[in-house]
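Below is one structure, written out as structure tokens; comments come after it.
Remember, it's a predicted structure, so these values are computed and weren't measured experimentally. Note that these values count all heavy atoms, side chains included, but never hydrogens, waters or copies made by symmetry. Indexing begins at 1, ligand by ligand and atom by atom, following the structure's order. FYI, the numbering just counts along the sequence from 1.
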Amino acid sequence: TRDDDGDLGVILETRPKTKRPPMYKVMLLNDDYTPMEFVVTVLERFFGITHAQAIEIMLTVHKKGLAVVGVFAYEIAETKVTQVMDFARRHQHPLQCTMEKE
Ligand code: TYC
């Protein structure tokens with residue numbers, strides 16, 4: 001389309017599309033059998049959380065039923081879930097760790 005000002009009067013794009021990858025919440029679920037200290041160890045070992053923060057998050061899960069322990073790109077979230085589930089199974093605890101798209 002040609003008009004007076006000489007350019008092609010079509011706006012192709014205004015804002016550049018910088019699409020970020022979706023992020024995934026990794027959650028720990030409560031149960032009646034996994035020892036509290038084991039959950040604290042899991043949080044320290046696999047999520048790099050400090051001992052004090054790990055106790056807080058563990059108690060949140062214990063009281064509320066679940067808590068988000070971190071938000072990661074898909075592949076990293078998947079690795080965390082696998083590591084926690086394998087570690088719990090090796091120690092014969094029923095601890096459950098899941099991920100969910102944010
Ligand atoms: N409810 C467990 C207990 O009383 C402790 C616990 C906390 C288990 C967090 C799982 O994700 C969990 N021993």
Side-chain angles (χ1 to χ4, degrees):
T1 309
R2 176 164 287 285
D3 55 26
D4 307 358
D5 61 2
D7 63 16
L8 301 173
V10 176
I11 298 168
L12 295 171
E13 269 300 341
T14 48
R15 136 187 84 93
K17 278 183 201 157
T18 56
K19 69 180 195 183
R20 291 156 288 102
M23 299 292 277
Y24 291 79
K25 299 179 286 189
V26 172
M27 292 160 303
L28 228 44
L29 277 54
N30 189 38
D31 66 73
D32 294 338
Y33 305 105
T34 305
M36 290 184 171
E37 190 48 51
F38 183 82
V39 178
V40 171
T41 299
V42 163
L43 291 167
E44 291 172 328
R45 176 186 294 220
F46 299 112
F47 297 92
I49 291 167
T50 66
H51 191 70
Q53 266 288 339
I55 290 169
E56 275 189 33
I57 294 169
M58 179 279 295
L59 287 174
T60 298
V61 178
H62 178 68
K63 284 188 283 192
K64 311 255 184 183
L66 86 177
V68 175
V69 304
V71 180
F72 308 96
Y74 184 86
E75 202 173 312
I76 295 169
E78 197 182 47
T79 300
K80 303 285 183 196
V81 169
T82 301
Q83 286 174 331
V84 172
M85 293 300 282
D86 287 353
F87 189 63
R89 189 177 303 109
R90 284 207 304 279
H91 289 82
Q92 302 188 344
H93 295 311
L95 180 64
Q96 293 293 118
C97 183
T98 62
M99 60 191 277
E100 179 182 291
K101 196 170 180 175
E102 210 176 26

Give the C-alpha distance, both sets of side-chain angles, the deciding distance and a yes or no for side-chain contact (heavy atoms from CB on, under 4.5 Å) between Phe47 and Val84.
CA-CA 10 Å; Phe47 297 92; Val84 172; 3.8 Å; yes
Which is it for Glu44 and Ile49 under the side-chain contact (heavy atoms from CB on, under 4.5 Å) test, yes or no, and what are the steps along the way?
CA-CA 5 Å; Glu44 291 172 328; Ile49 291 167; 5.7 Å; no
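The minimum heavy-atom distance between Pro35 and His93, with the atom names listed, is CD-CE1, 3.3 Å. The two atoms that bring Leu28 and Val69 nearest to each other are CB-CG1, 4.1 Å, heavy atoms only. In terms of heavy atoms, Glu102 sits closest to Lys25 at CG-CG, 4.1 Å.
Given atom 3 (C) of ligand 1, the protein heavy atom at minimum distance is Thr34 O, 3.7 Å. At the top of the distance list for atom 9 (C) of ligand 1, counting protein heavy atoms only, stands Val61 CG1, 3.5 Å. Among all protein heavy atoms, the one lying closest to atom 2 (C) of ligand 1 is Asp31 O, 3.2 Å. Of all protein heavy atoms, the one lying nearest to atom 4 (O) of ligand 1 is His62 CE1, 3.1 Å.
Taking any N or O of Asp32, backbone or side chain, none lies under 3.5 Å from an N or O belonging to ligand 1.
Against a heavy-atom cut-off of under 4.0 Å, Leu29 is close to the following atoms of ligand 1: 10 (C), 11 (O), 12 (C).
Hydrophobic clustering of Ile, Leu, Val, Met, Phe, Trp and Tyr side chains at less than 4.5 Å, counting indirect connections, unites Leu59 with Ile57.
The closest non-hydrogen atom to atom 8 (C) of ligand 1, taken over Leu95, Thr60, Asn30, comes from Asn30.
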